[in-house]
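For reference, the structure is listed below as structure tokens.
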2 protein chains.
Amino acid sequence: MAVTDEAIEKIKGMIVSGALRPGDRLPKESELAADLGLSRNSLREAVRALSLIRILDVRQGDGTYVTSLDPQLLLEALSFVVDFHRDDTVLEFLAVRRILEPAATAMAALRISEQQLDALTAQLDRLGEDPSVEDLVACDLEFHRGIVQSSGNSVLCSLLDGLSGPTTRARIWRGLTQEDAVGRTLREHRAILAALRDRDAEAARSWATVHIASVEQWLRSTL
Amino acid sequence: MAVTDEAIEKIKGMIVSGALRPGDRLPKESELAADLGLSRNSLREAVRALSLIRILDVRQGDGTYVTSLDPQLLLEALSFVVDFHRDDTVLEFLAVRRILEPAATAMAALRISEQQLDALTAQLDRLGEDPSVEDLVACDLEFHRGIVQSSGNSVLCSLLDGLSGPTTRARIWRGLTQEDAVGRTLREHRAILAALRDRDAEAARSWATVHIASVEQWLRSTL
DNA sequence: GTCGCTTAAGACCTCCGACGTATCAGGTCA
DNA sequence: TGACCTGATACGTCGGAGGTCTTAAGCGAC
């Protein structure tokens with residue numbers, strides 16, 4: 001195994017074992033390199049790799065720190081990876097989202113606060129009746145994120161955030177080409193919101209399923 | 001932005017835009033560094049980072065290649081990230097798994113082949129009636145992986161694979177401390193398998209839910 | 001002619017040392 | 001007291017020198 005890979009494993013080990021805790025500062029590059037028995041250049045490769053996936057936070061002129069390691073932060077790296085997906089796998093991503101999103105929406109129905117409900121309502125009102133497709137999709141992302149955050153599960157939230165990216169393009173494409181896709185999306189958003197206000201988890205789940213399934217169905221028939 | 005980060009973005013751009021396709025070979029380090037306008041050392045940091053998340057495959061003595069970019073491969077990196085989770089987030093991971101796994105099991109009920117059913121049965125038979133906790137958990141992972149693979153969704157499969165890691169420790173702990181956890185797990189596995197054989201998606205879904213919920217409940221009462 | 005070994009070229013691996021740049025703390029001066 | 005300056009510290013970048021591994025061409029024995 002290459003020395004850099006060993007260094008990655010060793011740093012990982014230090015964090016997992018608790019020798020390094022969230023927020024801790026690492027020894028300076030030259031010292032850590034000496035400790036781990038490799039050159040500063042090779043160590044930097046290891047640190048850079050861990051910093052790409054948000055394990056480490058490198059601040060020039062200051063030092064290198066362990067991040068908070070929050071699931072939210074760590075899964076942010078997921079979206080970077082997901083950007084590389086190929087178009088022929090959009091359906092698989094969408095299928096997973098179709099499983100998670102209704103579940104998250106149902107969970108949110110039991111926990112969402114009145115303030116959050118009001119905020120979602122205001123957001124939909126702001127969009128108006130006839131928005132541009134780009135505005136709609138941006139608003140769509142925001143709407144669903146707001147709901148999923150109310151599920152109270154940050155892992156679920158980050159995961160859905162990461163998975164939503166790839167399907168965005170598909171949604172824009174649909175909005176541009178399918179008759180009444182915009183109006184349908186708006187109506188479904190209102191329905192989901194109404195179900196949340198009623199604290200009706202099953203209705204919320206069903207509307208979320210319908211909402212995503214409509215995109216999925218269109219995509220399947222188009223490909 | 002640092003030159004290395006720029007290089008990461010540029011290489012990512014080359015792949016996403018299609019200039020570099022899966023399996024393609026990158027120019028050699030010295031050439032690519034010159035093309036991107038940075039030193040070989042800095043470029044190596046970028047390449048190393050992308051190789052950690054399985055975007056690039058570096059082969060000493062040969063060259064650097066773009067990987068297949070399969071969801072399965074890309075999400076493998078997820079397990080690396082998930083290893084850093086802290087124990088207090090196990091419940092959140094488990095909650096997500098509780099959503100995904102029953103859905104995947106239900107999907108598998110409609111698609112799993114007779115050969116795969118036989119393989120799963122043989123696997124359970126091999127384990128016997130009174131296995132060690134470690135053997136049981138290893139077998140548990142294998143069992144669920146086999147089922148999820150039959151769901152036919154590789155994104156779902158890889159995601160669950162990544163999420164199952166963190167909960168493994170918890171399952172071992174439970175097996176060692178809770179009365180009859182081993183026997184209960186074995187019975188539930190048999191029940192899931194029977195539902196799959198019957199092509200009964202709803203029964204399969206329910207048994208999978210029960211199976212995971214029992215771990216979740218125990219963990220919640222223990223913490 | 002085919003198989004197996006040798007050899008050389010190509011590409012990545014590791015290291016060193018030097019200099020550039022950003023941050024922060026402490027001191028200085030109005 | 002507060003703004004500014006300055007030095008120490010740590011990360012950022014670079015160029016070059018060997019080292020190691022993979023591959024394939026070359027070559028001899030069977």
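Chain letters run A, B, ... following the sequence lines, proteins first and then strands; every chain starts at 1. The basis for the numbers below is simple: all heavy atoms, side chains too, and nothing from hydrogens, waters or symmetry mates.
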Check nucleotides 6-10 of chain C against the protein and report each pair of N or O atoms closer than 3.5 Å, with its distance, or say if there are none.
unit_1, atom_1, unit_2, atom_2, d
C:dG10, N2, B:G61, O, 3.2

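- Ion pair B:D5/A:R48 flagged as a salt bridge, since at least one NZ, NE, NH1 or NH2 atom sits closer than 4.0 Å to an Asp/Glu carboxylate oxygen.
- A straight line from CG of B:L56 to P of C:dC13 spans 12 Å, rounded to a whole angstrom.
- In this structure, A:M1 places its CE atom 11 Å from P of C:dT14, rounding to the nearest Å.
- As rounded to whole Å, 16 Å separates atom P of D:dG12 from atom CG of B:L43.
- Between the side chain of B:R40 and the base of C:dT14, a donor-acceptor pair under 3.5 Å is found.
- The side chain of B:T64 places no N or O atom within less than 4.0 Å of a non-bridging phosphate oxygen (OP1 or OP2) of C:dA11.
- Distance alone, capped at 3.5 Å, is enough to place a donor-acceptor pair between the B:D24 side chain and the B:R21 backbone.
- Atom CG in B:L38 sits roughly 17 Å away from atom C1' in D:dG16 (whole-Å rounding).
- For the pair B:R197 and B:E114, the salt-bridge criterion is met [side-chain N within less than 4.0 Å of a carboxylate O].
- Distance CZ (A:R59) to P (C:dA25): 12 Å, rounded to an integer number of Å.
- Annotation for A:Q72: atom CD does not count as buried by contact number, only 12 or fewer foreign heavy atoms lying within 6.0 Å.
- Heavy-atom distances to DNA chain D give each of B:E45 and A:E31 a nearest nucleotide, and the one nearer the 5′ end belongs to A:E31.
- A donor-acceptor distance shorter than 3.5 angstrom exists from the side chain of B:S17 to the backbone of B:G13, with no hydrogens or angles considered.
- B:S113 and B:Q116 are linked by a side-chain donor-acceptor pair at a separation below 3.5 angstrom, with hydrogens and angles left out of the test.
- A:K10 has no carboxylate O lying under 4.0 Å from a charged side-chain N of A:D35, or vice versa, which leaves the two without a salt bridge.
- Once rounded to the nearest 0.5 Å, the distance linking CG of B:L159 with CG of A:L163 reads 6.0 Å.
- At a non-hydrogen distance threshold of 4.0 Å, A:V3, A:T4 from residues 3-13 of chain A come into contact with DNA chain C.
- Computed from coordinates, the A:E29 CD to D:dC14 C1' distance equals 14 Å when rounded to whole Å.
- Taking 4.0 angstrom as the limit, A:R44 places a side-chain polar atom (N or O) nearer than this to OP1 or OP2 of D:dG12.
- A donor atom on one side chain and an acceptor atom on the other are found under 3.5 Å apart for B:E92 and A:S154.
- Taking atom CZ on B:R48 and atom P on C:dC15, their separation rounds to 11 Å, with Å as the unit.
- Distances shown here put a side-chain N or O of A:S42 below 4.0 Å from the OP1 or OP2 atom of C:dC15.
- As a whole-Å value, the separation of A:N41 CG from D:dG19 P is 18 Å.
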